[in-house]
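Everything on this sheet refers to the single structure shown next.
When reading the values below, keep in mind they use all heavy atoms of this one structure, side chains included, and skip hydrogens, waters and symmetry mates. From a predicted model like this one, the values you see are computed outputs, not experimental measurements.
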Number of protein chains: 4
Amino acid sequence: MGQLQDLEYADEPKKRGRHRSLEAKTAILKATLQLLERESLRKVTAEAIARRAGVSKATIYKWWPNKSMVALDAYLAGTTERVAVPDTGSAEEDFTEQLKSLTAFYTSTLGRLFCQFIAEGQSDPAFLASFRERFLYARRDAAKIMWRRGVERGEIRSTIDGDVVLDMIYGPIIFRLLAGHGSLNDSESEAIVEAVFGGLRRSDYQKPAKKKKTGHSAKRPKAHL
Amino acid sequence: MGQLQDLEYADEPKKRGRHRSLEAKTAILKATLQLLERESLRKVTAEAIARRAGVSKATIYKWWPNKSMVALDAYLAGTTERVAVPDTGSAEEDFTEQLKSLTAFYTSTLGRLFCQFIAEGQSDPAFLASFRERFLYARRDAAKIMWRRGVERGEIRSTIDGDVVLDMIYGPIIFRLLAGHGSLNDSESEAIVEAVFGGLRRSDYQKPAKKKKTGHSAKRPKAHL
Amino acid sequence: MGQLQDLEYADEPKKRGRHRSLEAKTAILKATLQLLERESLRKVTAEAIARRAGVSKATIYKWWPNKSMVALDAYLAGTTERVAVPDTGSAEEDFTEQLKSLTAFYTSTLGRLFCQFIAEGQSDPAFLASFRERFLYARRDAAKIMWRRGVERGEIRSTIDGDVVLDMIYGPIIFRLLAGHGSLNDSESEAIVEAVFGGLRRSDYQKPAKKKKTGHSAKRPKAHL
Amino acid sequence: MGQLQDLEYADEPKKRGRHRSLEAKTAILKATLQLLERESLRKVTAEAIARRAGVSKATIYKWWPNKSMVALDAYLAGTTERVAVPDTGSAEEDFTEQLKSLTAFYTSTLGRLFCQFIAEGQSDPAFLASFRERFLYARRDAAKIMWRRGVERGEIRSTIDGDVVLDMIYGPIIFRLLAGHGSLNDSESEAIVEAVFGGLRRSDYQKPAKKKKTGHSAKRPKAHL
DNA sequence: ATCTAAACGAGACGGTACGTCGCGTCTTTCC
DNA sequence: GGAAAGACGCGACGTACCGTCTCGTTTAGAT
């Protein structure tokens with residue numbers, strides 16, 4: 001998919017009056033991205049974007065509902081690179097590769113935008129939905145290809161839901177990315193994928209005879225984390 | 001005692017002037033929590049807290065650098081319950097229990113504060129650090145007890161780092177919580193823990209003969225029984 | 001036309017963006033004046049002006065450096081009447097007339113603003129300068145016409161500086177206005193002008209040899225008035 | 001005319017080990033005066049006074065209703081010199097002398113406090129009253145002695161009220177002091193006293209036959225200054 | 001060759017929250 | 001028991017960014 005989009009019906013050829021300025025649009029997205037390399041989304045103001053893009057603030061708000069959406073567009077347009085979908089023949093290796101490259105990118109200046117979007121989404125559900133639709137699901141769909149291959153090859157247990165699989169692989173890294181605990185390098189990525197594939201359980205462990213399940217849920221305390 | 005407060009050295013008994021008003025402090029924290037039950041952290045204003053607490057805005061800013069910190073204190077002070085550390089005899093069950101209760105809480109009104117804190121932290125590194133120190137690590141330390149028991153009993157592979165284990169278990173849920181994709185109910189929690197313990201890998205899978213790949217998998221001891 | 005306004009070059013016809021809202025400006029000045037009729041300048045807040053004018057506080061601060069300047073503008077804009085320059089044929093009568101009307105006005109609610117401006121000027125030299133330029137000198141120029149006529153007619157000694165003349169006439173009243181000692185009615189105005197014109201000196205005074213003092217002070221009570 | 005300073009316990013001989021209170025009081029007044037030499041009354045804060053005096057803010061407010069009153073006390077206590085009441089044998093000379101010294105003082109750093117008090121009084125009637133009673137009337141009483149001598153000697157017309165006389169002499173200078181128009185040097189003082197004594201009226205001027213007085217008051221416009 | 005609708009730049013605007021400052025009061029401990 | 005230290009409620013300050021709204025200016029299809 002191209003870096004830009006024309007959500008607007010590209011078919012309708014001629015409208016009355018002056019057309020939307022492509023220069024303005026491009027300038028806005030470019031300026032936004034440049035500013036976001038230096039400051040967090042929160043600190044980048046609509047005014048700064050307008051100023052740097054040589055554009056009126058009204059032009060921004062004419063085409064985007066708020067600056068988060070501008071940023072999302074800028075991010076999507078600017079991140080031309082295709083989602084890496086390695087095909088090494090081994091799902092585990094595929095995921096390892098991808099997690100490494102993903103971690104490397106998310107740790108970069110621009111990559112941290114991912115976190116900012118998640119953050120912004122916490123107080124703007126509409127934006128979060130948009131982020132999921134336009135960004136997250138695209139990545140997940142691509143990742144699911146790797147998963148599916150793994151299942152088909154018989155590498156991955158078919159009983160586990162694909163979304164669960166993806167969350168198992170990406171969740172830990174994203175958690176670390178957001179909370180800032182734990183390191184984020186290649187070996188961590190490897191270790192995570194290895195652990196996720198291998199499972200925590202010791203293969204030679206024998207479950208002791210299970211007792212009657214007691215009413216844990218009844219006495220369940222309000223626990224956190 | 002609670003996990004929180006008295007940042008101030010409680011030992012030093014007497015200071016010169018008028019003491020910090022405990023009423024004011026309590027009122028602020030209480031008011032903050034009440035407001036946060038209804039509005040997102042972003043929408044709760046310092047002024048609203050002051051008004052509801054019957055307190056001057058200056059008093060708030062005297063003791064806290066910003067409202068996020070107030071909210072963190074309010075959250076920590078308000079959540080007096082201990083971290084649930086179930087001890088069913090099985091680490092897997094322990095984690096399942098805990099993940100269920102955690103999910104239930106984080107889905108609740110107040111529980112969503114967790115997300116807001118993470119969000120706030122994305123544009124305020126100092127706050128994020130504080131959040132980690134005062135909230136996250138405490139929870140993780142508690143959770144590590146369950147993990148350690150599992151390792152000692154021989155349930156959990158000892159080769160996997162404890163932090164990785166925790167991130168594997170909690171990461172997926174927290175990812176879903178933040179990004180809003182995927183459901184968050186008890187059966188999901190169960191599925192995740194099951195998958196994390198069991199691993200993705202099909203036990204009867206035999207890796208095909210490898211070509212020139214690096215020997216990551218080579219040094220991995222895989223004794224499938 | 002009024003003595004004020006359109007500090008901005010009224011000639012230059014078209015500026016690029018949205019023009020300054022005349023409604024806002026008028027509303028601000030009007031609201032300020034209305035508030036000043038009830039409260040002292042010190043007690044009138046920028047917020048109250050904004051509220052009453054239906055205007056944003058930022059709009060006020062965009063065009064005026066502080067509320068004193070707003071008040072000065074409001075005063076000047078609201079006091080559209082020309083300076084009274086009576087022309088009775090007699091400078092003494094002219095000044096008497098003017099002093100009476102001036103005293104009457106300065107004693108009124110809005111007139112007391114004069115004092116507030118002077119007061120404000122004591123801690124804000126820039127404002128005081130502005131007050132002089134835009135208010136005081138205009139009035140004095142007008143009053144000097146009366147003085148000049150008096151000099152030309154041969155009524156007033158030409159050896160006395162015009163500014164001294166004005167200060168002699170207005171100084172006493174303004175002193176009383178500000179310090180609050182002494183009454184401020186028509187007869188006082190008359191008495192002052194009479195005394196200023198006639199001078200303190202007894203025309204038939206001959207410097208005598210020094211004598212003993214007599215207890216005249218007994219018949220004059222220490223009345224501070 | 002060293003009108004000031006050495007508040008320092010020049011007089012405190014009593015080693016009667018009385019309470020700290022007198023020391024505190026002295027320190028407060030001294031600190032206030034020192035601060036007022038640098039900043040306007042408006043800008044000197046109660047806290048700054050307390051800090052500099054090594055005194056608690058409460059102590060200040062225990063003895064004074066507000067900081068203006070402290071400043072007034074400080075001023076009165078610091079200005080130990082007696083009011084200069086020259087007695088040259090000529091009232092005109094007396095007044096000239098006094099006006100010169102008064103102008104010199106009021107133009108000085110500390111002397112400008114006079115203006116600040118007047119200013120403060122415009123929004124605090126109680127303070128203004130206090131200022132009149134404790135400062136102004138004392139000066140005026142002293143000045144009246146000079147006036148009375150002039151009347152008794154036959155220098156000054158006895159038909160003019162003493163207060164009018166004082167306002168005629170001091171009003172112009174105080175007006176200039178407050179509004180900042182016009183210079184304030186010795187020759188101006190001389191010119192003013194000369195003019196006030198001599199009167200504006202040209203001695204050889206003959207009033208033309210007066211016409212019937214027309215209803216000036218009826219058509220009197222709202223004039224200013 | 002106009003006419004006219006749309007998009008644009010510039011930038012003023014209402015609104016809302018911010019974090020700070022000074023006042024004068026109140027509370028606690030120390031001397 | 002009076003004073004220091006200093007926290008407090010109050011209320012105004014001036015700033016910042018939001019997203020909206022005119023303006024007058026361009027652009028380009030429609031007439």
Side-chain angles (χ1 to χ4, degrees), chain A residues 13-21 23-25 42-48 50-51 53-67, chain B residues 13-25 42-48 50-51 53-67, chain C residues 13-25 42-48 50-51 53-67, chain D residues 18-21 23-24 42-48 50-51 53-67:
Chain A
K14 326 199 162 191
K15 278 183 298 180
R16 202 53 196 281
R18 184 175 177 175
H19 306 331
R20 174 171 183 183
S21 157
E23 290 82 23
K25 187 174 178 177
R42 284 281 293 265
K43 287 188 182 166
V44 169
T45 71
E47 199 130 342
R51 205 180 314 122
V55 142
S56 162
K57 232 188 341 168
T59 304
I60 296 177
Y61 283 107
K62 165 139 213 182
W63 302 106
W64 289 276
N66 50 54
K67 87 179 157 176
Chain B
K14 322 204 166 191
K15 277 182 302 181
R16 213 27 211 289
R18 179 178 179 173
H19 304 336
R20 174 172 182 183
S21 158
L22 189 58
E23 291 81 23
K25 184 179 175 175
R42 285 281 292 266
K43 286 191 180 169
V44 169
T45 72
E47 198 131 347
R51 205 180 313 123
V55 143
S56 163
K57 228 189 340 169
T59 302
I60 295 178
Y61 283 109
K62 165 139 214 180
W63 299 107
W64 289 276
N66 50 53
K67 76 176 167 190
Chain C
K14 319 203 167 190
K15 280 182 298 182
R16 213 27 210 290
R18 180 177 180 174
H19 306 332
R20 174 172 183 184
S21 159
L22 190 57
E23 291 82 23
K25 184 180 175 174
R42 286 282 291 266
K43 287 191 180 167
V44 170
T45 71
E47 197 131 346
R51 205 180 313 121
V55 143
S56 163
K57 226 187 345 168
T59 302
I60 296 178
Y61 283 109
K62 165 139 213 179
W63 299 107
W64 289 276
N66 50 54
K67 77 178 165 189
Chain D
R18 203 53 190 162
H19 296 125
R20 186 78 195 276
S21 75
E23 279 173 40
R42 284 281 292 266
K43 288 188 181 166
V44 170
T45 70
E47 199 130 341
R51 205 180 313 122
V55 141
S56 162
K57 239 192 329 172
T59 306
I60 296 178
Y61 284 107
K62 167 150 208 182
W63 288 346
W64 290 277
N66 49 53
K67 90 179 155 176

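For Lys57(C) against dG14(F), a side-chain N or O and a base N or O form a donor-acceptor pair under 3.5 Å. Applying the 3.5 Å distance criterion, the base of dA5(F) shares a donor-acceptor pair with the side chain of Ser56(D). If you check distances only, the side chain of Arg18(B) never reaches the base of dC8(F) with a donor-acceptor pair under 3.5 Å.
Between the P atom of dC10(F) and the CD1 atom of Ile60(B) lies a distance of 12 Å, rounded to the nearest Å. Put simply, CD on Glu23(C) is 13 Å from C1' on dC21(F), counting in whole angstrom units. Whole-Å rounding puts the Lys62(A) NZ to dT20(F) C1' distance at 13 Å. Taking atom CZ of Arg51(A) as the reference point, atom P of dC18(F) lies 11 Å away to the nearest angstrom.
In the set dA3(F), dA4(F), dC10(F), dC10(F) carries the atom at the smallest distance from any side-chain atom of Ala58(B). Of the candidates dG19(F), dC21(F), dG19(E), dG19(F) carries the atom nearest the Tyr61(A) side chain, counting heavy atoms from C-beta on. With distances taken from any side-chain atom of Thr59(A) to the nucleotides dG22(E), dC8(E), dC17(F), the minimum falls on dC8(E). If you check dC8(F), dC13(F), dC13(E) against the side chain of Arg20(C), the one that comes closest is dC13(E).
Projected onto DNA chain E by closest heavy-atom contact, Ala24(C) and Arg42(B) fall at different nucleotides, the more 5' of which corresponds to Ala24(C). With DNA chain F read from its 5' end, the first of the two nearest nucleotides for Ser21(B) and Glu47(A) is the one closest to Ser21(B). Nucleotides of DNA chain F nearest to Pro65(C) and Lys43(A) differ in position, and the one nearer the 5' end is that of Pro65(C).
Judged by distance alone, the side chain of Lys57(D) and the main-chain N or O of Ala46(D) form no donor-acceptor pair under 3.5 Å. The closest donor-acceptor contact from the side chain of Lys25(A) to the backbone of Arg20(A) lies at 3.5 Å or more, if one exists at all.
Here Trp64(A) does not reach the OP1 or OP2 of dG19(F): none of its side-chain N or O atoms lies under 4.0 Å away. Of the side-chain N and O atoms in His19(A), none sit less than 4.0 angstrom from OP1 or OP2 of dT27(F). Here Trp63(A) reaches the OP1 or OP2 of dC8(E): one of its side-chain N or O atoms lies under 4.0 Å away.
Within the nucleic acid shown, Lys67(C) comes within 4.0 Å of sugar-phosphate atoms alone, with no base atom in reach, counting heavy atoms only. Using a 4.0 Å heavy-atom cutoff across all strands shown, Asn66(A) reaches sugar-phosphate atoms only and no base atom. Nucleic acid contact for Ala50(C): none, since no nucleic acid atom lies under 4.0 Å from a heavy atom of the residue.
Donor-acceptor pairing under 3.5 Å is recorded for the side chains of Ser21(B) and Glu23(B).
The shortest heavy-atom contact between Ala24(D) and Thr59(D) is CB-CG2, 4.3 Å.
Between atom CZ of residue Arg51(A) and atom OG of residue Ser56(A) there is a gap of 12.5 Å, rounded to the nearest 0.5 Å.
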